[in-house]
Trainee: 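Handing you a structure now.
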Amino acid sequence: MKKVYIQTYGCQMNQHDSQRILQVLRRSNYTPTSSPENADLIFLNTCSVRDKAEQKVYSALGRWRELKERNRGIIIGVGGCVAQQEGELLLKRVPHLDLVCGTHNIHKLPEMVGQAGTLGARPMELAFYRDPAYMEDLGGRPRVHVSTAFVTIMQGCNNVCSFCIVPHVRGRELSRPSASIIGEIRELAARGVKEVMLLGQNVNSYGKTSGGELTFPELLTRINKIGALERIRFMTSHPQDLSPELIEAYATLEKLCEHLHLPVQSGSDSVLRRMRRGYTRDAYLEKIRRLRRQCPKVALSTDIIVGFPGETEAEFAETLAILRQVAYDEIYSFMYSPRPHTVAVKLYGDDVSEEVKKERLAEVQRLQNEISLRKNKHFIGAVQEILVEGPSKLKRGQITGRTRTNKIVNSMGPITLSGSLTEVKIAGASANSLLGELPAVSEIATLRAGGIA
Ligand code: SAH
Ligand code: SF4
Ligand code: F3S
């Protein structure tokens, strides 16, 4: 048996891809190891959404040069979005790199690793695939027991957000056939998985392009009928394509969790126009109003970019205003980072200074902390269902789980609850998580026997 060390950067899609990478490498007799020093193969699954993410890859590769010098037999490979973006350049810049595997070429890894082991070969595969057989096989069945499983429902993106490199590194949108998605979820549920996270860059356009024969809300309706499954989540939806049918699904599908991640990016119409997001501030807010009418409990999260080219103080103030107006439960905020091959970098450059970007980011985060804390405090005293993920990283003896509204809850409790649903009473709140108290052990047994709503 040989050992592989995989390091993953970036989004859930990449985490899911790393599970698939491990799965194909197991077939070539590799087992995972958590230490690169013991590995026969070091593989970096990379992200290039912002420059910082890309630079991390080069510094990691720099660190591992010494390992390679000590042990010539070790294979070092790069996959994911930086591999797709840089291709040949990576091999040129990093002489001790053995292979480059693009985002669509995971199935080719065993072959590539075999070639890289022979003298002088440095294989590289960057082709994009659009055939149905490839889409059928996008499942990543995890071997270990997990409470939440990632399920790919589509790949690529057909949008043209001017700041974003994702369409360039992940290719055009393509939906996975619904029968293969539903088959995979049935199998996962039969093995005890309680929650699925459906993955795609823009799940709302599921089925619009070739391949899928259902719309996204229709797909959700089918998944909702899978008996042993308890919860459905998805990532990510584009506000422009948030349809009335999907909003309706929040009222009718009991397994669909009361949480929506709806990236707004900016609160200013002029910035949204330059970003080519395809919606205005008012259109976005109207969708949020409708959703809240259908599902008053829904928790909302979003992504914000500060310092997009040309962003004035007044435009930035509109972002702060929309944060106050929507009062999101959680946000992910980023400083604009110019990316190669994007429209923004060609048209607008990068004219907001680093200093101003940092100030704006800090201001956004300060405001959001206040809002998140205020919203989380509302939960104190309430009883919430959580899906227990495993031990908490914060404190020994603590377990961690998520509410249906995607809030992290840490509670003292037995690790044996991992993977199951349980009820907790919320005893405390911070801006990022809640503190829960489990009912007494005897009560847990009763709750589990009786099944929790
Ligand atoms: N498909 C997802 C986004 C994937 S990228 C969607 O449409 O929502 C995740 C987030 O990274 C984006 O929502 C955006 O906020 C941020 N991002 C993307 N490109 C960026 C860039 N060039 N600079 C800074 N942040 C960026
Ligand atoms: Fe990027 Fe826009 Fe596609 Fe999201 S929808 S992946 S931000 S181009
Ligand atoms: Fe990064 Fe690629 Fe995901 S650029 S955010 S790993 S799709």
Side-chain angles (χ1 to χ4, degrees), residues 7-18 21 44-57 78-86 102-104 106 150 152-173 198-206 208-209 234-242 260-267 271-272 274-279 284 300-309 311 319 328 330-346 348-350 352 354 357-358 360-361 364:
Q7 185 154 338
T8 312
Y9 304 85
C11 63
Q12 273 105 337
M13 248 152 275
N14 249 21
Q15 290 175 33
H16 181 253
D17 282 349
S18 287
I21 288 165
L44 278 78
N45 192 14
T46 62
C47 171
S48 63
V49 77
R50 282 169 292 276
D51 187 57
K52 247 196 202 146
E54 187 181 334
Q55 293 319 318
K56 275 190 201 157
V57 177
V78 171
C81 297
V82 177
Q84 191 68 47
Q85 177 197 315
E86 296 287 276
T103 53
H104 288 203
I106 291 171
F150 294 149
T152 301
I153 67 163
M154 60 190 298
Q155 67 172 15
C157 179
N158 281 357
N159 287 322
V160 285
C161 307
S162 64
F163 51 81
C164 185
I165 196 171
V166 171
H168 181 75
V169 289
R170 292 270 166 173
R172 307 277 297 160
E173 226 168 74
L198 309 176
L199 293 180
Q201 293 295 351
N202 183 15
V203 292
N204 290 338
S205 41
Y206 177 82
K208 277 188 194 160
T209 46
F234 57 82
M235 262 312 231
T236 304
S237 41
H238 191 293
Q240 187 188 357
D241 303 316
L242 179 63
L260 177 65
H261 183 67
L262 198 64
V264 68
Q265 313 296 1
S266 165
V271 173
L272 287 171
R274 293 202 294 283
M275 287 180 167
R276 305 200 174 177
R277 288 288 286 179
Y279 53 85
Y284 180 93
L300 295 166
S301 55
T302 203
D303 292 344
I304 297 286
I305 296 178
V306 299
F308 186 79
E311 186 186 65
T319 294
Y328 294 99
E330 189 181 19
I331 68 164
Y332 301 86
S333 47
F334 313 101
M335 294 193 283
Y336 171 70
S337 167
R339 304 310 293 134
H341 314 287
T342 58
V343 168
V345 88
K346 286 175 201 151
Y348 310 120
D350 181 21
V352 178
E354 186 77 4
K357 282 183 191 168
K358 277 189 183 149
R360 289 182 185 172
L361 187 71
V364 156

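Each ligand, and each atom within it, is numbered from 1 in the order the structure gives. Just so it is clear, the model here is predicted, and its values are computed rather than measured.
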Trainee: Counting each atom of ligand 3 from 1 as listed, which ones have a heavy atom of Q201 under 4.0 Å away?
Mentor: 7 (S)

Trainee: Among all protein heavy atoms, pick out the one at the shortest distance from atom 6 (C) of ligand 1; state its residue, atom name and that distance to 0.1 Å.
Mentor: T236 CG2, 3.8 Å

Trainee: Look at the side chain of N45 and the backbone N and O of N14, then say whether any donor-acceptor pair between them is shorter than 3.5 Å.
Mentor: yes

Trainee: Taking 4.0 angstrom as the limit and counting only heavy atoms of R339, give me the atoms of ligand 1 inside it, by number and element.
Mentor: 22 (N)

Trainee: Among protein heavy atoms, which sits nearest to atom 8 (O) of ligand 1, and what does the distance come to when rounded to 0.1 Å?
Mentor: P263 CG, 3.0 Å

Trainee: Look at atom 1 (Fe) of ligand 2 and say which protein heavy atom is nearest, naming residue and atom and giving the distance to 0.1 Å.
Mentor: C164 SG, 2.3 Å

Trainee: Please could you name the atoms of ligand 2 that C157 approaches to less than 4.0 Å, counting only its heavy atoms?
Mentor: 3 (Fe), 5 (S), 6 (S), 8 (S)

Trainee: Heavy-atom distances under 4.0 Å are what count here, so tell me which part of Q265 touches ligand 1: side chain, backbone, both or neither.
Mentor: side chain

Trainee: What protein heavy atom lies closest to atom 3 (Fe) of ligand 3? Include the residue and the distance to one decimal.
Mentor: C11 SG, 2.3 Å

Trainee: Would you kindly check if the NZ (Lys) or CZ (Arg) of R50 is within the cone defined by 45 degrees around the ring axis of F334 and under 6.0 Å from the six-membered ring centre?
Mentor: yes

Trainee: Could you see which bit of S337 sits under 4.0 Å from ligand 1, with heavy atoms only: side chain, backbone, both or neither?
Mentor: both

Trainee: Considering only the protein, which heavy-atom contact is closest to atom 5 (S) of ligand 2, and what is its distance?
Mentor: N159 ND2, 3.3 Å

Trainee: Between S237 (side chain) and L242 (backbone), is there a donor-acceptor pair under 3.5 Å?
Mentor: no

Trainee: Can you find an N or O of Y336 that's nearer than 3.5 Å to an N or O of ligand 1?
Mentor: no

Trainee: Heavy-atom distances under 4.0 Å decide this one: backbone, side chain, both or neither, for V49 against ligand 1?
Mentor: both

Trainee: Sub-3.5 Å donor-acceptor pair from the side chain of Y336 to the main-chain atoms of K357, do we have one?
Mentor: no

Trainee: T319 side chain to G267 main-chain N or O, any donor-acceptor pair under 3.5 Å?
Mentor: yes

Trainee: If you measure from each non-hydrogen atom of V166 to ligand 2, which part falls under 4.0 Å: side chain, backbone, both or neither?
Mentor: side chain

Trainee: Dump the intermediate steps for side chain to side chain contact (heavy atoms under 4.5 Å, CB included) on H238 and Y279, then the final yes or no.
Mentor: CA-CA 10 Å; H238 191 293; Y279 53 85; 3.7 Å; yes

Trainee: Can you tell which of G10, S48, C81 gets a heavy atom nearest to atom 2 (Fe) of ligand 3?
Mentor: C81

Trainee: Would you mind finding which of H261, Q201, R277 brings a heavy atom closest to atom 2 (C) of ligand 1?
Mentor: Q201

Trainee: Could you name the option among H238, R277, Q201, R170 that has the heavy atom nearest to atom 7 (S) of ligand 2?
Mentor: R277

Trainee: Does an N or O anywhere in D303 fall below 3.5 Å from an N or O of ligand 1?
Mentor: yes

Trainee: Using 2.8 Å as the threshold, say whether any N, O or S atom from C47 sits that close to atom 2 (Fe) of ligand 3.
Mentor: no

Trainee: To the nearest 0.5 Å, what is the distance between OG (S266) and CD1 (I304)?
Mentor: 7.5 Å

Trainee: For R360, is there an ion pair with E311 - N to carboxylate O distance below 4.0 angstrom?
Mentor: yes

Trainee: Say whether, by atom type as modelled, one donor and one acceptor occur between the side chain of D350 and the main chain of V345 under 3.5 angstrom.
Mentor: no

Trainee: Given that the side chain starts at C-beta and the backbone is N, CA, C, O, which of these parts of R50 lies under 4.0 Å from ligand 1, counting heavy atoms, or is it both or neither?
Mentor: side chain

Trainee: Taking distance alone, with N or O pairs closer than 3.5 Å, would you say I304 contacts ligand 1?
Mentor: no

Trainee: Where the side chain of T302 meets the backbone of L262, is there a donor-acceptor pair that is under 3.5 Å apart?
Mentor: yes

Trainee: Donor-acceptor pair, distance only, cut-off 3.5 Å: does the side chain of T46 make one with the backbone of G79?
Mentor: yes

Trainee: Starting from atom 19 (N) of ligand 1, which protein heavy atom do you reach first, and at what distance in Å?
Mentor: F163 CD1, 3.3 Å

Trainee: What atoms of ligand 1 come closer than 4.0 angstrom to any heavy atom of M335?
Mentor: 23 (N), 24 (C)

Trainee: Under 4.0 angstrom from ligand 3, any heavy atom of M13?
Mentor: no

Trainee: With heavy atoms only and a cut-off of under 4.0 Å, state how F334 meets ligand 1: side chain, backbone, both or neither.
Mentor: side chain

Trainee: Give the atoms of ligand 2, by number and element, whose distance to some non-hydrogen atom of C161 is under 4.0 Å.
Mentor: 2 (Fe), 5 (S), 7 (S), 8 (S)

Trainee: Does S48 reach the main-chain N or O of E54 with its side chain, forming a donor-acceptor pair under 3.5 Å?
Mentor: no

Trainee: Atom CG of N204 and atom CZ of F234: how far apart are they, to the nearest 0.5 Å?
Mentor: 6.5 Å

Trainee: Hey, what do you get for CD (Q265) to CE (M275), rounding to the nearest 0.5 Å?
Mentor: 5.5 Å

Trainee: Is it the side chain, the backbone, both or neither of P167 that has a heavy atom closer than 4.0 Å to ligand 2?
Mentor: side chain

Trainee: Using modelled atom types and a 3.5 Å cut-off, is there a donor and acceptor pairing between side-chain atoms of H261 and backbone atoms of L300?
Mentor: no

